[in-house]
Amino acid sequence: MHRTVAKKFNAYPFAYHAEIELEISTLTNRGHGLGRVELPEEGAAPREGLDAGRADNAGTPDKEGPPDLEPTRSTPSKNSLRQWVVMVPFCLPGERVRVRVFRNHKNYSEADLLKVLRASPHRVEPYCALFGQCGGCQYQHLDYAEQLVWKRRQVEELLQHMVGIEHEVAPVIGSPRQYGYRSKITPHFKVGRPAIGFLRQGTRFEVIDVPECAIATPEINARLVEVRERTRQRLERREYKRDATLLLRHASEGVVTDYDAVITEELARGDAQEPLKLRFLARDFFQNNPFILPAFTGYVREQAASSGGRFLVDAYCGSGLFALSAASAFEQAAGVEISESSIRFAQENAVANGITNARFLAGDAAAIFAGLDFPPEETAVIIDPPRRGCDEGFLGQLFAFGPRAVVYVSCDPATQMRDLRLFLEAGYALKAVQPFDLFPQTRHLECVITLARGQ
Ligand SMILES: C[S@@+](CC[C@H](N)C(=O)[O-])C[C@H]1O[C@@H](n2cnc3c(N)ncnc32)[C@H](O)[C@@H]1O
C-alpha cells in the first residue's frame with residue numbers, strides 16, 4: 001500500500017518496512033491483532049531483522065493514533081530479552097503472520113499484514129471485496145460466533161482494567177442479520193476527487209470508492225447506484241464547492257436521501273401489541289440496526305421494569321425509543337433530549353401510539369431532575385448517552401436524585417466503564433452486564449449495564 005512519507009521515522013526497534021514474523025495472541029478493542037516479539041534489552045547486541053539504531057527513514061503520518069487499550073508495557077526478562085508489542089490489523093488470535101512494520105511508538109509498533117503463515121480455524125472468507133481497504137469493517141474475516149466471543153471478552157477486560165472488578169458478562173446477543181443490516185450509511189466525497197465512499201482503513205482523510213456496502217441493507221445498496229451516479233455527474237460539473245457527506249436512510253417509506261425527510265421506523269413488540277411506530281427526522285439519531293431492536297428494547301424495558309419502580313426516566317431519549325417501548329410497564333414515564341426536533345417527534349410519537357403516560361422535555365439531560373415529581377426510591381432511569389458518555393453535571397444530578405435503579409445503554413463500553421466507576425463510588429451495585437451486537441463485522445458493540453442503589 002502506498003503511504004505518504006513526511007516526517008522522521010523513529011527506527012527503534014524496527015527499521016522502516018522491516019519484515020518480521022510473530023504469533024497473534026489477542027485482539028485490541030480497535031479490532032487489531034496484537035502479538036509480541038522478543039527484543040534484546042537496550043544496550044545488548046542487535047538481533048537479525050532488528051535495527052536498534054536511529055536511522056533517518058521517513059515515517060508514515062497517515063495511520064490512526066494509539067489503540068484504546070494500552071498494550072502491555074515491555075518487561076525485561078532474565079535472559080536479557082524483553083517483550084515488544086506489535087499491532088497488526090486483519091489478523092486473528094492464534095495466527096502466525098508475516099508483517100511489515102510502518103511505525104514504532106514508545107512502547108509498541110504498528111505493522112501491515114503481509115501473509116498469514118498459519119491461519120486461525122475461525123478465519124473465513126470476507127464477503128466484501130473492499131475488506132481490508134475500507135475503514136468500516138474490522139471482522140469480516142472472523143466467523144460470526146467468534147466475533148461475539150471476542151466482543152464479550154472485550155467487555156470483561158474493560159471491566160477488569162478500567163473498573164478493577166470481575167463481574168459476569170452475559171454472552172453477547174447477536175444480530176439476526178449479520179450482513180445487510182445497516183439502515184443508514186453516510187458516504188463522503190471530496191471536491192476534485194472521483195471517490196465516493198468511506199475512509200480508507202487506518203486513515204483519517206483519504207476516501208476510497210465504495211460502490212456497494214455489504215453491511216447496509218440491500219435496499220440501500222440498490223439506491224446507492226443512482227445516488228452515486230447523480231453525485232458523480234454533479235462533481236464533474238463542479239457543482240460542489242466543498243467536501244460533503246451523503247445520507248441514505250432506509251425506513252418504512254423506503255430509502256430516503258433528504259436529511260430533512262420525516263421517516264418512520266416500526267418496532268415489533270413481543271406482547272401481541274401493535275408495532276410501535278416511531279417518526280423522526282432522517283438527520284436525527286436513530287439506532288441503525290432495526291433487526292435487533294425488538295430484542296434490544298425488550299431487554300432494556302425488562303431490566304427497568306424488574307427493578308420494581310413505578311416511574312421511569314429516559315435520559316438522552318431521542319425520539320422516544322426506550323421511554324415509549326417501556327411506558328406500559330410504568331405508571332408514568334418522562335424523557336429528556338437535547339435535540340428539539342427529536343423531542344418534538346417523541347411527543348408526537350406518544351400521541352400517535354396512544355401512549356398517555358409519557359411526557360418529554362427538550363434540554364440538557366441534567367435538566368430532567370429539576371421539578372421531577374417521581375419519588376427516587378420508586379424510579380428507574382434509562383440512560384443512553386452519545387459515545388463520549390455522561391458528563392459530570394448530569395451524573396452529579398442523577399446521584400443527588402438517587403433513583404432505585406439505572407439501566408445504562410452505551411455504544412462505547414470504554415466511556416461506560418469510566419462512568420461505572422463513579423456509579424460504584426456513589427453506592428450503586430452492578431447487577432447485570434449484557435452486550436448486544438448491533439454492529440456485526442465491525443469492532444463496535446452496544447452494552448447494557450443494570451445498576452441498583454445499595455440498601
Ligand atoms: C445514543 S443516542 C440515544 C437516543 C435514544 N435513546 C435512542 O436509542 O434512539 C444519544 C442521544 O443523546 C442526545 N444528546 C446528546 N447530548 C445530550 C445532552 N447533553 N442532553 C440530552 N441529550 C443529549 C443526542 O441528541 C442523541 O439523541
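Computed from a prediction, not measured in an experiment: that's the story for all the values here. In listed order, ligands and their atoms are each counted from 1. Just the heavy atoms: all of them, side chains too, but no hydrogens, waters or symmetry mates, feed the values below.
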Suppose I only count heavy atoms of Gly363 and a 4.0 Å limit; which atoms of ligand 1 are within that range? 20 (N), 21 (C)
Per-atom filter on ligand 1: closer than 4.0 angstrom to a heavy atom of Leu321 are 8 (O), 9 (O)
Distance-only side-chain donor-acceptor flag, [X] / [Y], under 3.5 Å:
{"X": "Gln147", "Y": "Gln441", "result": "yes"}
{"X": "Arg301", "Y": "Ser328", "result": "yes"}
{"X": "Gln160", "Y": "Glu156", "result": "no"}

Nearest-neighbour protein heavy atom for [atom], which is reported as residue plus atom name and distance:
{"atom": "atom 14 (N) of ligand 1", "answer": "Ile338 CG2, 3.6 Å"}
{"atom": "atom 20 (N) of ligand 1", "answer": "Ala365 N, 2.9 Å"}
{"atom": "atom 8 (O) of ligand 1", "answer": "Gln287 NE2, 2.7 Å"}
{"atom": "atom 10 (C) of ligand 1", "answer": "Asp384 O, 3.3 Å"}

When you measure from the heavy atoms of [X] to every atom of ligand 1, does any distance fall below 4.0 Å?
{"X": "Ala366", "value": "no"}
{"X": "Glu446", "value": "no"}
{"X": "Pro386", "value": "yes"}

Starting from the C-alpha separation in whole Å, work towards a yes-or-no answer on ring pair (Phe, Tyr, Trp, His ring centres under 6.0 Å) for Tyr139 and Tyr144. CA-CA 9 Å; Tyr139 289 153; Tyr144 190 58; over 10 Å; no
So Val207 and Phe198, do their side chains get closer than 4.5 Å, heavy atoms only? no
Does atom CD (Glu392) have a neighbourhood of more than 12 heavy atoms from anything else shown, all under 6.0 Å? no
Is any N or O atom of Pro385, backbone or side chain, closer than 3.5 Å to an N or O atom of ligand 1? no
Glu337, any N or O under 3.5 Å of ligand 1 N or O: yes
I'd like to know if Arg193 and Asp243 make a salt bridge, using a cut-off of under 4.0 Å between side-chain N and carboxylate O. no
Which segment of [X] sits under 4.0 Å of ligand 1 when only heavy atoms are counted:
{"X": "Arg388", "value": "side chain"}
{"X": "Ser342", "value": "neither"}
{"X": "Phe322", "value": "side chain"}
{"X": "Phe285", "value": "side chain"}

Between Ser25 and Pro93, which heavy-atom pair has the shortest distance, and what is it? O-CB, 3.9 Å
Please verify the inter-ring angle class for Phe369 with Phe394; under 30° counts as parallel, over 60° as perpendicular, anything in between as tilted. tilted
Interatomic distance, Tyr240 atom OH to Phe189 atom CZ [nearest 0.5 angstrom]: 4.0 Å
Who gets closest to atom 19 (N) of ligand 1 by heavy atom: Asp284, Leu361, Asp364? Asp364
